[in-house]
Amino acid sequence: MTRRELLAGALGAAAPPAGRPNIILILADDLGYSDLGCFGGEIATPNLDRLARGGIRFTQFYNTARCCPSRASLLTGLYPHQTGVGNMIGGPPRPDAPAGYRGQMSRDCVTVPQVLREAGYSTLMAGKWHLGQPGPTERGFEEFYGMVHGFDSFWDASKYTRLPAGRKGRVYPEGGFYSTNAITDHAIDFLGDARRRKQPHFLYLAYNAPHFPLHAPRDLIDRYAPVYEKGWDAIREARFARLGELGLIDRRWRFTPRSRIPANRYNPETGWADKDNPPWSGLPDDRRKDLARRMATFAAMVDSMDQNIGRVLADVEKAGEMDNTLILFFSDNGACAEWDPMGFDTRSGPLNILHRGADLDKMGQPGTYHSYGSAWANACATPWRLYKHYNHEGGITTPFIGHWPGRIPKGAISHQPSHLIDVLPTFAEVAGANKPAVAEGVSLTSALAGRRMNRAPLYWEHEGNRAVRDGKWKLVAVGPAGPWELYDMEKDRTEMSNLAAAQPGRVRKMASQWETWARRTNAIPWIWTPQYQAVRR
């Protein structure tokens, strides 16, 4: 289909209903499932907690396990391979690659801002784009401020861009720039401009927090430092207990161990090597201090993001718009086990130390570059297994909050599976626009209202990691050569009891479902790198 044909549904939409809501989509970057207070965490997130109390939390909302694929999926209502972004954006587009892995979102894809703009909405974006070219203002956004690429310093204003070219943005004094604040500043400015035009508005607020490099104001880091000196084992246990108390997990599920994890690199000779997350008590004192400071910096980034979300909510309330605003919040993937300097540094592993002693107070400040490693990611993913990149629950499950007074019940919890592909159909429905005919997802309006919805099976593939979720059953594998594992998500969502050997017929059936989906959506042919080709043969 051509882009014109794909847009036909949106262009031919009936006149939107009166009183259509404003829409705010808030996306966090590398946030773990249990990092928010309202999802069992110890980090102070009073503004997101307030949205959760006044709205609904989904316990089974899924992303695609990685940044670029998730962003392509949520903006198009398609699986990422259908957009050409089965893997990451980076470098020039690869026209010789299989269609699902060309590293550029197809120009034929219809996006949320294009659909809503045709329905009369002002379309605004502040934050991280990371979908390459064409950029955000060529994909339907009228206003943009943020980071066009994937990750960078939170302290350097030169890494952030105002679009369309020539539009004026805020100017920050020397030492007065912090990206989480600046993204919010511009978002609030954009909302004010949209109100003056008397248009309903769609704001995509895509924070780059808390993605590494770990950067945060020192006073906030100092506030959290003592919290994490108790270590990841104690933090995991406390989060697991709170999740049960909040009704977000079944207390009968087994608590995942501080487990061995597959390495992020595949070695054709040795396969997927494992690494251990060590017990906190077994680490030397200087290493514990370093690692506690890293997690404190991460927590400070989440706290700062929540404070800035509070600024946006205050602006909406001051304008008298809260009752007519649909707000969704979630993360692009699970907790991130990548480490310094840019991930995959296997020479020193996830616990390498760049600062000792008095230098610890420099962590998180301009000129530094840290991540927090796999063991803290294991804590942030509580109660799930594995992380970003992988299709086990720790890689693809996100905390999800929906808020819309009078339309979404207060304090509700939904355990229905749903996915990023459902975002575009949801926004199209509430705005009175028609979704593109090829969109894969279904509208979440019934689920947001606390009602049951019909749900087709859901599928994943990233870097050869793959999964299918059909009702209560999930089939999942690590890497293109890894064996299928089968789990009953009602009895064992922590994926501790592999039933594949006991139910080979179900495994064959679901594997066939996955293969059919993968061929239809361009997840097969596999990514073309030699190591994947080797195991595929």
Side-chain angles (χ1 to χ4, degrees), residues 1-10 25 27 29 63-118 123-144 146-151 161 163-164 202 204-206 208 211 330 332-333 419-425 427-428 435-441 459-463 518 520-528:
M1 279 188 176
T2 66
R3 182 175 176 274
R4 181 180 298 276
E5 290 170 328
L6 293 171
L7 268 171
L25 170 59
L27 185 69
D29 197 347
N63 50 49
T64 73
R66 197 80 180 278
C67 174
C68 298
S70 283
R71 289 161 204 274
S73 194
L74 77 90
L75 286 180
T76 63
L78 299 171
Y79 285 105
H81 311 80
Q82 294 171 294
T83 75
V85 192
N87 208 311
M88 297 292 282
I89 300 287
R94 301 177 286 273
D96 58 330
Y101 304 96
R102 289 180 178 164
Q104 182 180 34
M105 194 163 72
S106 169
R107 292 175 182 268
D108 286 336
C109 290
V110 179
T111 66
V112 169
Q114 288 170 334
V115 169
L116 295 182
R117 194 167 176 178
E118 293 293 341
T123 55
L124 321 166
M125 180 178 177
K128 171 176 166 178
W129 174 243
H130 207 191
L131 282 173
Q133 298 298 326
T137 53
E138 298 168 280
R139 294 288 193 172
F141 287 105
E142 297 169 271
E143 305 289 350
F144 172 81
M147 186 168 60
V148 176
H149 54 293
F151 53 92
T161 303
L163 296 172
F202 164 57
Y204 177 31
L205 184 56
N208 53 333
H211 192 292
F330 47 86
D332 64 343
N333 47 246
H419 191 281
L420 294 173
I421 57 176
D422 301 331
V423 172
L424 185 151
F427 290 169
K435 72 173 184 178
V438 296
E440 295 273 342
Y459 300 90
W460 293 264
E461 189 282 329
H462 183 67
E463 296 183 327
R520 178 177 67 82
T521 60
N522 300 321
I524 291 176
W526 294 86
I527 191 168
W528 64 100

Could you tell me which residues satisfy salt bridge (charged side-chain N to carboxylate O under 4.0 Å, His left out) with D422, sequence neighbours excluded, listed by chain and number?
-> R455
side-chain hydrogen bond (donor to acceptor under 3.5 Å, both in side chains) with T76: which residues, sequence neighbours excluded?
-> none
Taking only residues two or more places apart in sequence or in another chain, which ones pass ring-ring contact (aromatic ring centres under 6.0 Å, His included) with F144?
-> none
Between H130 and R71, do the side chains contain an N or O donor and an N or O acceptor separated by less than 3.5 Å?
-> no
Can you tell me if T137 uses its side chain to pair, donor with acceptor, with the backbone of L163 under 3.5 Å?
-> no
Which heavy-atom pair separates M125 from K128 by the least distance, and what is that distance?
-> CE-O, 3.1 Å
Take the angle between the ring planes of Y101 and H81 and call it parallel below 30°, perpendicular above 60°, tilted in between.
-> perpendicular
side-chain hydrogen bond (donor to acceptor under 3.5 Å, both in side chains) partners of Q82, counting only residues at least two apart | E440
Any donor and acceptor pair, going by atom type alone, linking the side chain of E118 with main-chain N or O of V115 inside 3.5 Å?
-> no
Looking only at side chains, do S70 and T64 share a donor and an acceptor under 3.5 Å apart?
-> yes
Kindly write out the residues that satisfy side-chain hydrogen bond (donor to acceptor under 3.5 Å, both in side chains) with S73, not counting sequence neighbours, or none if the list is empty.
-> none
H419 meets the ring-ring contact (aromatic ring centres under 6.0 Å, His included) criterion, sequence neighbours left out, with Y79, W460
